[in-house]
Amino acid sequence: MDAKKGLYSFGEIEGKWQRFWEESRLFKAPDCDPSKPKYYVLDMFPYPSGQGLHVGHPEGYTASDIVARYKRAKGFNVLHPFGWDAFGLPAEQHAIQTGTDPKETTQNNINNMRRQTKSLGFSYDWDREVATTDPKYYKWTQWIFLKLFNSYFDEAEQKARPIDQLPVPEGLSDAEKAKYIDDHRLACEAEVPVNWCPALGTVLANEEVVGGLSERGGHAVIRKPMRQWMLRITKYAERLLDDLTEVDWPESIKKLQTDWVGKSIGADVDFKVDGFDETIRVFTTRPDTLFGATYMVMAPEHPLVDKITSQDRREAVRTYREAAARKSDLDRTDLAKEKTGEPIGAHAINPVNGEKIPIWISDYVLISYGTGAIMAVPAHDERDFEFATKFNLPIIPVVEPADAEQAEAVRQGTLCFIGDGRAINSGDFSGLSTAEFKEQITDWLQKRDLGKKTVNYKLRDWLFSRQRYWGEPFPILHGPDGQIMAISEDELPLKLPAVTDYKPTGTGEPPLANALDWVNVTLSDGSKAKRETNTMPQWAGSCWYYLRYLDPDNDQQGWAPEKEQYWMANGGIDLYIGGAEHAVLHLLYARFWHKLLYDLGYVTTKEPFKKLINQGMILGEDGQKMSKSRGNVVNPDKVIAEYGADSMRLYEMFMGPLEAIKPWSMQGVEGVHRFLQKLWRAVVDRETGELAEAIEDAQADEPTLRLLNQTIKKVGDDIETFSFNTAISAMMIFVNHLSRLSVRPKAVVEKLVLILAPFAPHIAEELWEKLGHAGTLAYEPWPEYDRELIREKKIELAVQVNGKIKDRIVVPADADEEQIKQKALVSEKVAAAIAGRELRKVIVIKSRLVNIVI
RNA sequence: GCCGAAGUGGCGGAACUGGCAGACGCGCGGGAUUCAAAAUCCCGUCCUGGCAACAGGGUGAGGGUUCGACUCCCUCCUUCGGCACCA
């Protein structure tokens, strides 16, 4: 019975300290504390799923918690909040199937996941918890939407401004004026072909369609024009690109974002249509290849196709266009291998040489990019080359590669060369380099009003409406004559009404359309209006949650300016940790909203997330992705019950580098658990549960002091570089050393406990208490290390002969090169290896090795 | 196809700016303790040969630079992630 006292009973210890932290509000972050530097460390908040936490969640959370606890010890005022990205499809699907209010499902899921999250002992300031589904929260999501709605983008200034500052042309009727304004809003309505998913009864964002199927559920998706809300993120393309230079993110993520924005510089060139008073504008990044244009291709949807198609081609063109319109994205991808198209019987006139070239339509040209039409230069564009080869169209080489063999193949028309070279067959421009040609031809076109320099982006405007129930309602009314009206800010939040049926109507009308009492509104002047029945996508709430954490209870403002200035100082959030799956969308959307808020003066930094780290995925024990169907899912609750939260945390960090993808191992958990056990036994008496007798107020011996100081340095340095795995390994080495000592100096153990605390806070607190300290160690200063004590007195060097190790020598740490050299040369083994041959060179690398070259 | 990341023992991984490859943990083998087991402790554990001292080989493959390469350069292979006709 007594023997039990001294056991490491992690369950009790963890419960005890978690209660203490919670009840004492230990991690509450005081706003605007001028006495300390601030540190804002943020986790990507999770969707509260019915499955609860999986082992991937605590990976990032543990990493951020280690940093948070470490920074507190380093004297920072740390903001470390948590919340819930709680709108989302699963709760709505559940509602459709069972009739349960998503609000209820969501609340239950949050409660469960909060319990799980708390059981890991993270040092969140729970008083700042937010949920995007809370009307007190989405009031401000709606408020930001109104800011988008009530702003336009000033191209000259490259920034958003309030819509009432928009210069409106003179002489417009009221209706025209309203339309002009509406067309300039950053949030506007548009009739756009969207990804309609009949099975889900909703429209999906491009990102939610994978290979022509819905990301969730894998249902077929077709294209259908519908009235939708769009956010004009494209206006910010240039700034989203430029400001990437200001953030400290992994280069690979920056590159993903850069490619997603997809800037390309080229020229718009106007081609006259032969026999019509029409011109077709094309975009090209290679205006230097204009002389090599042998045909033109328009997207099937191009508005001019109908007008200029010749009588004898009309039937074929109509058939082709219908087929193209019916194609889903999946079909388009499938058919990408084989090019298709139809000539439309019209010709365009090449502005540089007056050549008549045939016009085709083909779905390899996209209506949504550039001008929806291209000049085809098969000699220097692979897609055009493929098309021309298939349909036997002429290929004229106009760029000569430097390589003679390639040049010959290009002349023969057998090789498509897309690189830079020297111009040929290009009239007066022949002989120019690609770069010179581009510049000169662009000027030439511009002077003659035939074209101009143009920049295009792959980035599309953001489709912002969903035909779903479980999302933020738009604060928008549609008037009797179709006017779009924003509801005023003081009417926010516009709450989601309770409904009885969550099913999509199937016609594309959202479920909210059935909530008639809510939809129909009588305005103050007695006229009738209808509420917008679309809701916002899940991204909306996650675009700005980091700002709400600054001031979560404020019902007058989304956040107070002075709090934003304090917590977002020095370039924003100091550390943002989350999964790489959000590399593009969430981060891009959030940056976009942040820039709008910056333009309007609500935030003071250009970018929200100064430093970003992605944690890697955790695989099942079989090395496969964890999934229920594979049966390899690891349940955190079970791990904690068996080994404790500290072991769980420690293992998550010990597995390998944070960013790496790595498989789970229960035996690995056991390994770190043994480490904690060993530490416990080294400090706590097995029988009494009191401090072990070996713990004394004694002076530590030199090797112990040296190792201790090395460990303190290593752990601190490793936390700074997020190398948590090697930090843990260093502490293991130290505990191995400590457990072999018969006298374990108390001061040494105390320092060890303090550096372990960010990783395994519960056991650290308990040991700290047993070491005789009242209260918590959470705000104890991080131990300093002594440079002098770290230094070894004697060091071992390897001695190589011609790069092969022959012997090892021990020299004083301060030995100079000559001394080391002499010592190396007297070694018998070295002498044997040299075997009397002449020394050509002796290389001495202090504190590393000696290499003798013979 | 294009872009990005990565390939190190039986396994997860370590190795600073080019300087002793395999830290730490797992697993495995042997031993101590025990009536026995669990737990714990000690020793060993990259491969090949050898009782051993030792010798040789070794960081996906091949080549190069260097006194010296897991690390830098070139070519190729494999795995994972992203994009997918963006003119």
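Chain A is the first sequence line, chain B the second, and so forth, proteins listed ahead of strands; every chain is numbered from 1. Hydrogens, waters and symmetry mates are skipped; everything else that's a heavy atom, side chains included, is used.
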Margin query: Taking only the C1' atom of each, what is the distance from B:A6 to B:G13 in whole angstrom?
Written below: 14 Å
Next item on the list: Tell whether A:Lys339 reaches the base of B:C85 with its side chain through a donor-acceptor pair below 3.5 angstrom.
Entry: yes
Next item on the list: Return the nucleotide paired to B:C54: Watson-Crick means purine N1 to pyrimidine N3 with N6-O4 or O6-N4, wobble means G-U with N1-O2 and O6-N3, both under 3.5 Å.
Entry: B:G49
Checklist line | Length of the line joining A:Tyr457:OH and B:C83:P, which is rounded to integer Å | finding: 22 Å
Show each protein N/O and nucleotides 66-71 of chain B N/O combination with a separation under 3.5 Å, one pair to a line.
residue, atom, partner, partner atom, Å
B:C67, O2', A:Asn851, ND2, 3.4
B:C67, O2, A:Asn851, ND2, 2.6

Next item on the list: Return yes if a side-chain donor-acceptor contact under 3.5 Å exists between A:Thr234 and A:Arg460, otherwise no.
Entry: no
Check: Paired with B:C85: which nucleotide, if any, by Watson-Crick or G-U wobble criteria at under 3.5 Å for both distances?
Finding: none
Checklist line | Separation between the C1' atoms of B:A84 and B:C67, rounded to whole Å | finding: 49 Å
Next item on the list: Could you check which nucleotide pairs with B:C28 in any of the strands shown, counting Watson-Crick or G-U wobble with both distances under 3.5 Å?
Entry: B:G44
Margin query: Any strand counts, and the cut-off is 3.5 Å on both contacts for Watson-Crick or G-U wobble. Which nucleotide pairs with B:A5?
Written below: B:U79
Item checked: Proximity to the side chain of A:Arg674 - top-ranked nucleotide from B:A87, B:C26, B:C54 -> B:C26
Next item on the list: Answer yes if the ring centres of A:Phe387 and A:Tyr295 are under 6.0 angstrom apart, and no otherwise.
Entry: yes
Notebook entry, point to check: Can A:Arg321 and A:Glu342 be counted as an ion pair, charged N to O under 4.0 angstrom?
Noted result: no
Note to self: Once you apply a heavy-atom cut-off of 4.0 Å, does A:Leu849 come out as touching a base, just sugar-phosphate, or nothing?
What the structure shows: base
Check: Considering only the C1' atoms, how many Å lie between B:C80 and B:G64, rounded to the nearest integer?
Finding: 29 Å
Item checked: Same-atom distance (C1') from B:G68 to B:C85, integer angstrom -> 50 Å
Check: Does the ring centre of A:Tyr643 sit less than 6.0 Å away from the ring centre of A:Phe10?
Finding: no
Notebook entry, point to check: Could A:Lys254 and A:Glu251 be called an ion pair, given the rule that one side-chain N must be under 4.0 Å from one carboxylate O?
Noted result: yes
Next item on the list: Provide the distance between the two C1' atoms, one in B:C72 and one in B:U59, to the nearest whole Å.
Entry: 16 Å
Checklist line | Any-strand Watson-Crick or G-U partner of B:C67, both distances under 3.5 Å | finding: B:G19
Item checked: Inter-nucleotide P distance (B:G22, B:C70), Å rounded -> 12 Å
Notebook entry, point to check: Taking atom types as modelled and ignoring hydrogens, do the side chains of A:Tyr369 and A:Ser264 form a donor-acceptor contact shorter than 3.5 angstrom?
Noted result: yes
Note to self: On RNA chain B, compare the nucleotides closest to A:Ile733 and A:Arg740; which residue's is nearer the 5' end?
What the structure shows: A:Ile733
Note to self: Need one value for A:Glu796: base, sugar-phosphate or nothing, where a base atom within 4.0 Å counts as base even if backbone is also close, heavy atoms only.
What the structure shows: base
Notebook entry, point to check: On a whole-Å scale, what distance lies between the C1' atoms belonging to B:A14 and B:A23?
Noted result: 5 Å
Set out, line by line, the N/O atom pairs under 3.5 Å between protein and nucleotides 13-17 of chain B.
residue, atom, partner, partner atom, Å
B:A14, OP1, A:Asn725, ND2, 3.0
B:C16, O2, A:Arg848, NH2, 3.1
B:C16, N3, A:Arg848, NH1, 3.1
B:C16, N3, A:Arg848, NH2, 2.2
B:C16, N4, A:Arg848, NE, 3.4
B:C16, N4, A:Arg848, NH1, 3.0
B:C16, N4, A:Arg848, NH2, 3.3

Next item on the list: Kindly point out which of B:C85, B:G25, B:C3 is positioned nearest to the side chain of A:Lys255?
Entry: B:C3
Next item on the list: Return the nucleotide paired to B:U33: Watson-Crick means purine N1 to pyrimidine N3 with N6-O4 or O6-N4, wobble means G-U with N1-O2 and O6-N3, both under 3.5 Å.
Entry: none
Next item on the list: Take atom P in B:A69 and the same atom in B:G19, then report the distance between them in whole Å.
Entry: 11 Å
Check: Across all strands, who's sitting opposite B:A14 as a Watson-Crick or G-U wobble pair, both distances under 3.5 Å?
Finding: none
Notebook entry, point to check: Starting at NE2 of A:His673 and ending at C1' of B:C26, how long is that distance when rounded to a whole Å?
Noted result: 15 Å
Margin query: Considering every strand and a 4.0 Å limit on heavy-atom distances, what is the contact class for A:Ser264: base, sugar-phosphate, or nothing?
Written below: sugar-phosphate
Notebook entry, point to check: Closest nucleotide of RNA chain B for A:Thr284 versus for A:Glu382: which of these residues is on the 5' side?
Noted result: A:Glu382
Checklist line | Candidates B:C83, B:A87, B:C41 - which lies nearest the side chain of A:Arg681 | finding: B:C41
Margin query: Is it true that A:Glu817 and A:Gln822 share a donor-acceptor pair across their side chains at a distance under 3.5 Å?
Written below: no
Checklist line | Minimum-distance nucleotide (side-chain atoms of A:Thr285 versus B:C54, B:G57, B:A87) | finding: B:A87
Next item on the list: Give A:Leu256 one of three labels, base, sugar-phosphate or nothing, depending on what nucleic acid heavy atoms sit under 4.0 Å from its own.
Entry: sugar-phosphate
Note to self: With no hydrogens and no angle check, just 3.5 Å: does a side-chain donor-acceptor pair link A:Tyr457 and A:Glu238?
What the structure shows: yes
